[in-house]
Structure formats: structure tokens, C-alpha cells
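Since the structure comes first, as C-alpha cells, the remarks are kept for the end.
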Amino acid sequence: MSLELRYPDGTVFEHPDGVTGLEVAESIGPGLARSAVAVKLNGDLRDLSRPLDESGDFAVVTLDSEEGLDVLRHSSAHVLAQAVLDLFEGSTFAIGPAIDNGFYYDFKVDEPFTPDDLDRIEARMKEIISQDQPFEREALSRSDALAMFGAHPFKTEIIESVEPSEVTPGEDVTVYRNIDFVDLCRGPHLPSTGRIPSVKLLRSSGAYWRGDEKRDQLQRIYGTAWPSPKELDAYLTQLEEAEKRDHRRLGAELDLFSFPPELGSGLVVWHPKGGMLRKIVEDHSRELHQRFGFDFVFTPHLAKSDLWWTSGHLDYYAEYMFPGMELDNEQEYRVKPMNCPFHILVYKSRPRSYRDLPVRLSELGAVYRYEKSGVVHGLLRARGFTQDDSHTFCTGGQLGSELALHLDFVLTWLRDAGFSEIEADLSTQPEKAPVGEQDRWDFAEKTLAKALEDSGVSFRIAPGEGAFYGPKIDMHVKDAIGRRWQLSTIQLDLILPERFGLEYTAAGNVSERPYMIHCAKAGSLERFMGVLIEHHAGAFPMWLAPVQVSVVPVADRHHEYANQIAERLRDAGLRVEVDDSDDTVGEKIRKALTHKHPAVMVVGDDDVSSSTVGLRLYGEERDTRGVPLIEATNRLATMAAKPGGRPPDPRTGVLGS
RNA sequence: GCCGGAGUAGCUCAGUGGUAGAGCAAUUCACUCGUAAUGAAUAGGCCAGGGGUUCGACUCCCCUCUCCGGCUCCA
């Protein structure tokens with residue numbers, strides 16, 4: 001018997017049955033064999049030393065691939081568990097998978113790990129790695145495995161729950177053994193611990209067994225592993241870079257906002273610089289809403305509880321609402337967690353005809369949600385925030401074009417804000433969606449999918465991830481360092497129109513139920529600005545920068561000229577500050593640069609006499625002397641132009657792409 | 001909400017059961033300067049808040065608030 005293995009380049013080679021992956025790799029080339037960490041046969045990853053027993057597609061897996069890195073990180077997790085069980089008597093272990101950029105392992109220990117513990121564990125891991133212990137695979141019957149892990153309740157639970165479909169036919173469970181350490185595992189693993197080139201433990205924290213907060217609280221250790229120390233260092237540098245971009249840190253450094261403890265958790269105050277940034281964002285949002293044919297409404301921050309019973313929020317959402325306020329007349333009021341019921345009441349304020357539709361109501365609506373204390377996170381997850389919200393009411397026949405318009409709007413906004421990589425998720429009906437007419441669901445999902453296809457944005461379907469009241473589209477952007485953020489959302493609501501008894505009179509003088517589209521373009525303005533800050537690392541594109549130009553007079557005698565050109569720049573629509581402090585020029589420059597002002601203008605004797613400036617743009621290493629003031633002004637005004645400005649859409653008459 | 005860590009001057013942080021410390025920022029004075037920190041002096045504190053223990057608490061214990069890292073959650 002022999003096997004026919006098809007290599008990735010399409011060529012087919014014969015090998016004897018039972019040949020190992022390593023032997024095949026050696027037959028291809030010694031270099032490949034040295035860098036191999038596993039092989040893939042018909043889509044299944046296998047250990048190098050495991051005999052191959054079937055023909056098919058074959059590939060050698062190295063650390064150059066995601067799969068290879070997973071093998072490395074998974075093996076690193078084993079070594080971590082081995083080290084912890086060595087060092088902490090009485091500890092037991094749960095699970096330890098590879099994750100993006102690293103791995104973790106969960107343990108049950110008497111005392112939570114300290115930073116010193118992590119150092120000790122990492123040192124022990126390095127010993128294990130230097131001993132180059134081989135990983136050996138072993139298949140066991142379920143009962144043998146239960147006997148082997150009798151002292152480890154989490155492993156026992158895993159063994160009991162292993163489905164036959166999860167393991168190779170004929171095997172119950174597999175374990176990997178290196179010297180005296182054994183772990184339950186499907187594999188594959190590196191051939192030996194010595195093949196881990198660089199590993200580092202990062203932090204420890206709490207985690208629940210099986211992610212269930214009612215079950216055991218475990219201690220999780222996170223680590224990272226890379227093909228070389230150089231790549232490890234690069235990763236650690238990237239973490240530092242992300243930390244430097246942290247919007248909470250930049251918010252303080254650039255004096256944009258703060259979260260005064262006196263106000264309570266998750267409640268932000270915007271300082272003047274941040275307030276300017278926010279005004280710019282709000283202005284642009286309103287301008288786009290107007291351009292895309294939305295009307296503006298304004299609604300209060302609280303309402304009688306009865307409203308929230310009608311909307312269903314007090315049935316489904318009560319734990320995220322701030323508690324009620326009892327009033328003298330026994331009426332209870334609630335602060336709003338959402339704007340929808342208010343906009344619905346605007347719709348309901350008079351009878352609607354199909355001729356009135358679509359009705360697009362928008363508002364920068366402040367909402368308050370009682371987020372759990374542990375999840376509040378700067379601007380990204382606050383308890384009070386402002387949605388650039390809208391609710392569109394339309395006929396079934398209009399739904400397609402309305403969704404196209406909403407998608408166009410959202411994509412315009414995200415691109416204007418500087419995001420070029422945008423992806424959508426289409427979330428469909430959840431299995432346990434309790435209510436709604438099925439044909440409306442089907443129609444809604446089909447229409448959403450069609451609108452997405454027509455928009456050209458790349459999307460994937462998230463089956464069953466929709467809200468209970470309707471399917472939705474979520475927009476995700478990638479930021480400058482590759483992180484993915486969810487921002488916009490376009491949600492169909494098949495429930496609220498019914499709960500509030502919304503109707504319109506159709507052409508045949510019959511009452512029809514309108515479709516309703518919730519849409520937040522930026523999501524929450526606070527969150528959006530948090531993401532913007534991190535995306536731009538605080539160095540905003542000029543149109544967003546709170547201060548666009550910093551004018552620096554060289555000496556006191558240049559203050560007058562500095563103020564004159566500041567006026568000229570303001571006349572050109574620019575936001576300008578003059579630094580008339582008695583700091584040295586170097587210090588003033590340093591301040592402007594640390595505040596990430598897009599442009600610095602230094603003016604001295606030469607400039608006063610010849611109407612010029614010294615100009616330095618953020619990111620440039622050096623200045624340009626003697627730029628004529630007119631030229632500098634025009635250049636900066638051009639740079640500061642807002643994005644957008646597109647022709648009207650012939651179909652809707654609305655300005656579109 | 002859960003697990004762990006933390007809260008000392010505006011900021012970043014030292015500190016110890018026995019009188020509270022530095023750098024930066026601030027203020028004042030001098031300097032008037034051409035692209036990332038001029039110098040000196042001064043001022044600045046309920047050591048997050050509240051209860052204990054102690055002759056004595058910033059320090060030890062308990063509670064609350066806020067923040068940080070995760071978990072869970074984000075209809």
C-alpha cells in the first residue's frame with residue numbers, strides 16, 4: 001500500500017503508508033524539514049511524527065503561517081501549564097488555547113497569581129524549553145483518560161463531553177506527554193519544547209470556567225509566542241504603540257475630556273479642545289443628515305415609565321436602564337436608554353399617508369445606559385453618550401431604496417472620517433426570535449442583503465446574530481494599526497411599529513404597517529471620537545483638529561505681527577492660537593508639537609519685514625522659512641477643507657455618491 | 001456584576017506604625033530667544049471618602065467611591 005500526496009503546487013508524490021509528516025518534509029527538502037512544525041493532510045493538522053494513513057492534499061506547516069503560529073502558541077500554553085503545575089502544589093488546570101498573537105491557560109489555584117509568580121513561571125517555562133522535551137501523542141480510551149485525569153475535575157468534565165465527531169475515528173481522546181507532564185489535547189504540537197523560539201507571559205486575570213459567571217472563577221495567564229525574539233520585540237513594541245494611542249491617555253494629554261469621579265462612572269465632560277472636536281463632528285453629522293434628506297427632531301431625556309413598558313424596554317432591557325424616579329403623583333419616570341420611542345411619537349403625532357413616506361427623523365440624542373461597572377471603558381463604553389440616531393419609517397416598496405440611502409450615508413461618513421477599510425456584518429434572525437411575522441423577516445433579510453450587495457461593501461453573514469426585533473447591518477472599520485471597531489449600525493425593527501400601533505394610509509385607503517429602520521451612523525459620538533483619537537493617534541487630519549495653526553512669535557516685539565496674521569488666518573476660516581507666553585521659541589515649538597497641532601508658524605524679524613512666515617507641518621522634520629503669508633494661508637485653508645462635496649443622486653434628488 | 005491590581009501635589013511617581021518627598025506643570029522675577037525643554041525663587045497635600053485597631057494610621061483591618069487588566073455582558 002502506498003499513499004498519494006498532493007502538494008500545494010499540485011504535484012502528486014507517492015509515499016509508503018505510515019510515512020511520517022517529517023519524513024515527507026525531509027523528502028522535499030532539509031530546510032523545509034527544519035522549519036516544519038506540523039503538517040496538514042486533507043485539512044487536518046497533524047504532528048510531524050504522526051504516521052500518515054490516507055492519501056490526499058498535503059502541506060507542510062511552518063511558522064510562516066497562521067496555522068503554524070497556532071501550533072507554536074498552543075504548545076507554549078502546554079509549557080505554561082506544565083510550569084504552573086510544577087510550581088504550584090494543589091493547582092489544577094482547565095483549558096489553554098492559542099489566541100490572536102498568543103495564548104492563555106486557565107488554572108484553579110489557592111491564591112491569584114502575582115507579577116512575581118509570573119516571573120517565576122516564565123523562568124520555569126524557559127527551563128522546560130531548554131530541556132527540549134519531546135511532545136508525544138497518545139490515544140486513550142475514554143475510561144483510561146478519566147482514570148489518568150481523575151484528580152483534575154475540569155479535564156474530567158472535558159473528557160466526558162468530548163463528542164465522537166471531534167476526534168479521529170477509532171480514538172476516544174488524545175493526550176500529549178512530555179516527560180512527566182500530560183495534558184488532554186487534540187493537538188497537534190511542535191515536535192519538542194525546544195522548538196519554541198521566544199515566549200513571554202504578559203498578565204494574569206480572572207476568568208470563568210466555560211465563560212459562565214455562575215461557575216468556578218479561574219485564574220488566567222496570558223502569554224505571547226513568536227518565531228523569533230525579533231518578532232516578539234516587534235509585537236511588544238506594537239503593544240506599546242497601542243498604549244500610546246489610548247484615547248484615555250491622549251484625552252488627558254491633549255486636554256480633550258475627563259471623567260470626573262464626582263459625576264460617577266462612565267460620565268464624560270468635554271473640555272474646550274475636545275468640545276471643539278465634538279462640535280466639528282456634530283456639525284458634519286448634521287450637514288450629512290440634511291444632505292441625505294433627514295429631518296431634525298429634538299426630544300427630552302426622560303419619559304414616563306409607561307412609555308418604556310409600551311416599547312418593551314422595561315421587559316427586555318430594564319437592567320441596563322437607570323432606576324426610576326418616583327414623583328409626587330405616583331408617576332414613575334425613566335431616563336432614556338434609546339431614542340426610538342420618542343421618534344415614534346413624532347411619527348404618530350398625526351395620521352400618515354403613503355404620500356408622506358419615507359419619514360426620516362434624526363437627532364443627536366443623549367442616552368443613558370447603566371452599563372455594568374466592570375465594562376465601563378473611557379469613551380468606548382460610557383454610561384451617558386450621544387447617538388447620531390435616526391428612525392426612518394417607510395413602505396415595504398421603499399425599503400430597498402431606503403436601505404441603499406442609509407448605506408450610502410454611513411459609508412460616506414466613515415470614509416469622510418478617514419477610514420478606508422470598511423466591512424459589514426449582516427446579522428440574521430436569531431433562532432429564538434420570539435415575535436414577528438415570518439414573511440416580514442424573510443423580506444427584511446433579503447432586502448438588506450440586496451442593499452449590501454449593491455453597495456459594493458464587503459460583507460459577511462452572521463447567522464442568528466440579529467436582534468430579537470429584526471435583522472441588522474453593522475459596519476466595522478479597521479484603524480491605522482489594524483484593529484477592528486464596530487461603529488455604524490442599520491437595524492430593521494419589525495416589533496416597535498406593531499407595539500406602538502404605527503400605520504399609514506396606503507393608496508387603496510387601507511391601513512398599512514410601516515417598516516422602521518434604526519440607524520446610528522457613527523454609533524455613539526463619544527465612542528466614535530474615541531476611535532478617531534486612537535486611529536489618528538491624536539494627530540487629527542486638519543479639518544478635525546481643534547487647533548489647526550499655532551503661531552509662535554520669536555520675541556515680544558513680534559506679538560503684533562503674530563496677532564495680525566492670526567486674524568488673517570481666522571478670516572480664512574482657520575482655528576488659530578497665538579503662543580504669546582514668555583517661553584523660549586524651542587519650548588513653544590515643543591508645546592505645539594506635543595499638542596499635535598497640524599501647523600506651526602514661527603514669525604520673527606525677517607517675517608515682519610517681508611510678510612512671510614516660517615511654516616512647519618506636523619510630521620515634518622524641519623521648517624520652511626520665508627513662506628509668503630498669502631501662500632501659507634491658501635495652502636493651510638486648502639488642507640483644512642472638509643471632505644465630501646458630491647453631486648446629487650438623480651434617483652432621490654439627494655446629494656449622494 | 002465577578003476575579004485581581006491601584007488611588008500620595010494639576011500630571012508622572014517615590015515613601016514609611018512616629019513632623020509628607022522628587023521631577024514636570026503652576027506662580028513670581030530675570031532672560032527676548034528662529035524649530036522638541038533658559039535660569040532662579042516661591043507656592044502647592046483631609047496621603048480618594050467613611051468607620052475601626054493603636055499612645056500614635058498615609059501605612060494595619062472593614063465598608064464605600066473611582067480607575068486599571070481581564071471575565072461576563074453589549075436586547
Side-chain angles (χ1 to χ4, degrees), chain A residues 104 106 109 111-115 117 202-222 243 246 248-249 252-253 255 258-267 311-321 337-338 340 369-378 380-381 430 432-434 465-470 472 474 486 489 491 493 495-496 518 523-524 527 550 552-559 580-595 600-607 613-617 620-626:
Chain A
Y104 69 79
D106 286 346
V109 282
E111 297 287 328
F113 298 109
T114 65
D117 291 338
L202 297 175
R203 68 174 74 89
S204 66
S205 71
Y208 300 106
W209 169 235
R210 300 271 193 199
D212 184 343
E213 62 183 319
K214 295 193 178 57
R215 305 201 60 182
D216 286 80
Q217 175 87 41
L218 306 174
Q219 293 301 318
R220 175 170 299 177
I221 296 179
Y222 285 91
E243 207 176 303
D246 190 310
R248 294 165 300 184
R249 174 182 174 147
E253 285 174 6
D255 197 17
S258 61
F259 290 90
E262 293 88 338
L263 296 188
S265 181
L267 300 171
S311 69
H313 288 106
L314 279 172
D315 290 323
Y316 293 100
Y317 201 71
E319 63 172 318
Y320 288 101
M321 293 176 69
M338 294 182 188
C340 355
R369 298 182 185 175
Y370 192 71
E371 299 287 355
K372 289 181 183 174
S373 57
V375 306
V376 171
H377 183 89
L380 300 180
R381 193 87 172 267
K432 53 180 181 186
E465 294 292 308
F468 75 86
Y469 51 77
K472 62 176 180 177
D474 293 319
Q486 192 210 309
T489 179
Q491 311 189 351
D493 195 320
I495 304 299
L496 280 182
H518 304 260
S524 127
R527 179 180 159 82
S550 196
V552 173
V554 171
D556 289 354
R557 63 180 178 279
H558 309 120
H559 284 190
D580 55 6
S581 66
D582 58 4
D583 291 325
T584 58
V585 173
E587 173 65 2
K588 290 179 188 178
I589 302 276
R590 196 181 73 89
K591 268 191 192 158
L593 291 175
T594 51
H595 290 121
V600 185
M601 275 185 185
V602 178
V603 293
D605 289 334
D606 299 346
D607 300 298
V613 300
L615 183 62
R616 173 166 169 179
L617 299 178
E620 288 182 353
E621 285 296 314
R622 51 181 50 209
D623 59 309
T624 311
R625 291 277 178 86

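First the proteins, then the strands, lettered A, B, ... as listed; each starts at 1.
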Seminar exercise, completed: In 5'-to-3' order, the base (B), backbone-only (S) or no-contact (-) status of each nucleotide in nucleotides 66-75 of chain B, using a 4.0 angstrom heavy-atom cut-off, is SSSBBBBBBB
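With C1' as the reference atom, B:C47 and B:A6 are 14 Å apart, rounded to whole Å. Taking the P atoms as reference points, B:C11 lies 15 Å from B:C67, given to the whole Å. To the nearest whole angstrom, the two C1' atoms, one in B:C24 and one in B:C61, are 36 Å apart. Between B:A20 and B:C58, the two C1' atoms lie 9 Å apart (nearest whole Å). With both ends at atom C1', the span from B:U64 to B:U54 equals 23 Å, rounded to whole Å. Comparing B:G44 with B:G23, their C1' atoms sit 15 Å apart, to the nearest whole Å. On the C1' atoms, B:G51 is 29 Å away from B:C13, given to the nearest whole Å. B:U38 and B:G15 are spaced 31 Å apart, taking the P atom of each and rounding to whole Å.
Note that CD of A:Glu319 and NZ of A:Lys372 are 5.5 Å apart. Values are rounded to the nearest 0.5 Å. The CE atom of A:Met601 sits 11.0 Å away from the OG1 atom of A:Thr624 when rounded to the nearest 0.5 Å. Taking CZ of A:Arg527 as the reference point, atom CD of A:Gln486 lies at 6.5 Å (rounded to 0.5 Å). The distance from atom CZ of A:Arg220 to atom OG of A:Ser204, rounded to the nearest 0.5 Å, is 11.5 Å. For the atom pair CD (A:Glu253) and OG1 (A:Thr594), the distance works out to 8.5 Å, reported to the nearest 0.5 Å. The NE2 atom of A:His313 sits 4.0 Å away from atom CE of A:Met338, with the distance rounded to the nearest 0.5 Å.
Regarding A:Asp106, its CG atom lies at a distance of 15 Å from the P atom of B:G4, rounded to whole Å. Protein atom CG of A:Leu218 is 13 Å distant from nucleotide atom C1' of B:G4, rounded to whole Å. Put simply, CD on A:Glu620 is 15 Å from C1' on B:A36, counting in whole angstrom units. When the C1' atom of B:U38 is taken as reference, atom NZ of A:Lys588 falls 13 Å away, rounded to whole Å. Going from atom CG of A:Leu202 over to atom C1' of B:G5 covers 16 Å, rounded to whole Å. Regarding A:Ile221, its CD1 atom lies at a distance of 12 Å from the C1' atom of B:G4, rounded to whole Å. For the pair A:Arg590 CZ and B:A36 P, the interatomic distance rounds to 11 Å; values are reported in whole Å.
Residues passing the ring-ring contact (aromatic ring centres under 6.0 Å, His included) test with A:Tyr320 are A:Tyr317, sequence neighbours excluded. In terms of the ring-ring contact (aromatic ring centres under 6.0 Å, His included) criterion, A:His558 has no residue partners (sequence neighbours excluded).
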Exercise. With Watson-Crick and G-U wobble geometry limited to distances under 3.5 Å, how should the secondary structure of RNA chain B be encoded in dot-bracket form, using | for bases paired to another strand and [ ] for crossing pairs?
Worked result: (((((((..((((....[..)))).(((((.......))))).....(((((..]....))))))))))))....
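For A:Asp216 (side chain) and A:Leu218 (main-chain N/O), no donor-acceptor pair under 3.5 Å exists by modelled atom type. Under the 3.5 Å distance criterion, the side-chain polar atoms of A:Lys588 are matched with a main-chain donor or acceptor of A:Pro553.
Within a 6.0 Å sphere centred on CZ of A:Arg622, heavy atoms belonging to other residues, nucleotides or ligands number 12 at most.
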For this session: Begin from the C-alpha positions of A:Arg616 and A:Val602 and carry the test side chain to side chain contact (heavy atoms under 4.5 Å, CB included) through to its verdict.
Result: CA-CA 8 Å; A:Arg616 173 166 169 179; A:Val602 178; over 6 Å; no
Exercise. Under the salt bridge (Lys or Arg N to Asp or Glu O under 4.0 Å) criterion, do A:Asp583 and A:Lys591 qualify, and how do the steps go?
Worked result: CA-CA 10 Å; A:Asp583 291 325; A:Lys591 268 191 192 158; 2.8 Å; yes
For this session: Mind running side chain to side chain donor-acceptor pair (under 3.5 Å) on A:His518 and A:Asp493 for me, showing each step along the way?
Result: CA-CA 7 Å; A:His518 304 260; A:Asp493 195 320; 2.7 Å; yes
Would you tabulate the nitrogen or oxygen pairs shorter than 3.5 Å linking the protein to nucleotides 26-33 of chain B?
unit_1: B:C31; atom_1: N4; unit_2: A:Asp582; atom_2: OD2; d: 3.2
unit_1: B:U32; atom_1: O2; unit_2: A:Asp556; atom_2: N; d: 3.0
unit_1: B:U32; atom_1: O2; unit_2: A:Asp556; atom_2: OD1; d: 3.4
unit_1: B:U32; atom_1: N3; unit_2: A:Asp556; atom_2: OD1; d: 2.9
unit_1: B:U32; atom_1: N3; unit_2: A:Asp556; atom_2: OD2; d: 2.8
unit_1: B:U32; atom_1: O4; unit_2: A:Asp556; atom_2: OD2; d: 2.9
unit_1: B:C33; atom_1: OP2; unit_2: A:Arg557; atom_2: NH1; d: 3.3
unit_1: B:C33; atom_1: OP2; unit_2: A:Arg557; atom_2: NH2; d: 2.9
unit_1: B:C33; atom_1: N4; unit_2: A:Asp582; atom_2: O; d: 3.1

Short N/O separations, protein against nucleotides 44-47 of chain B, under 3.5 angstrom:
none

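Along RNA chain B, the nucleotide closest to A:Tyr370 and the one closest to A:Gly614 are compared, and the more 5′ of them pairs with A:Tyr370.
As judged by a 4.0 angstrom heavy-atom cut-off over every strand, A:Gln219 is placed among residues touching the sugar-phosphate backbone only.
Inter-residue side-chain proximity for A:Arg381 and A:Val376 is flagged as unmet; no heavy-atom pair is nearer than 4.5 Å.
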